[in-house]
Amino acid sequence: MDLDPEKSLKSQLKKDDDDEEEEEEDTGPPLKEDPEYTKYFKMLKMGLPMGAVQNALQRDGKDPGIMDLDPEKSLKSQLKKEEEEEDTGPPLKDDPEYTKYFKMLKM
């Protein structure tokens, strides 16, 4: 396993797990076919500018940033990726559990 000593172990192991879960996660309808948002994708298809569509989203109480997402993937799977937490653990080289191994590499 090739891990980056500058990033925490937790964040690096989490990425490997996400790759496996990603295929299983996307079970909802594509965003462009989601009944809540089809109206807005139809507006784009009819030739309305993106700004007008985003204004319509805002008028209807929805997040206009939705239009920046991939229309081929479900909304649920895309929002989950954006909510991932930041890497708060210590870098792997400074992790007390693994420092002895990095010292061995320096010898």
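Just so you know, these numbers come straight off a predicted model, no measurement behind them.
Residue Leu57 comes nearest to Pro64 through the heavy atom pair CD1-CA, 3.9 Å, listed as atom of the first residue, atom of the second, then distance. Val53 and Met43 make their closest contact through CG2-CB, 3.8 Å (heavy atoms, listed as atom of the first residue, atom of the second, distance). The nearest pair of heavy atoms linking Pro30 to Pro71 is CB-O, 3.5 Å. Taking both residues in full, the closest heavy atoms of Ser74 and Ser77 are given as O-OG, 3.0 Å, listed atom of the first, atom of the second, then distance. Closest approach of Phe41 to Lys32, counting heavy atoms only: CD1-CA, 3.6 Å.
The shortest side-chain heavy-atom distance between Met50 and Leu44 falls under the 4.5 Å cut-off. Inter-residue side-chain proximity for Tyr37 and Met67 is flagged as unmet; no heavy-atom pair is nearer than 4.5 Å.
Taking CG of Asp63 as the reference point, atom CD1 of Ile66 lies at 5.0 Å (rounded to 0.5 Å). Note: Leu105 CG to Lys100 NZ = 13.0 Å, rounded to the nearest 0.5 Å. Taken to the nearest 0.5 Å, the CG atom of Asp34 stands 12.0 Å off from the NZ atom of Lys76.
Distance alone, capped at 3.5 Å, is enough to place a donor-acceptor pair between the Gln78 side chain and the Asp70 backbone.
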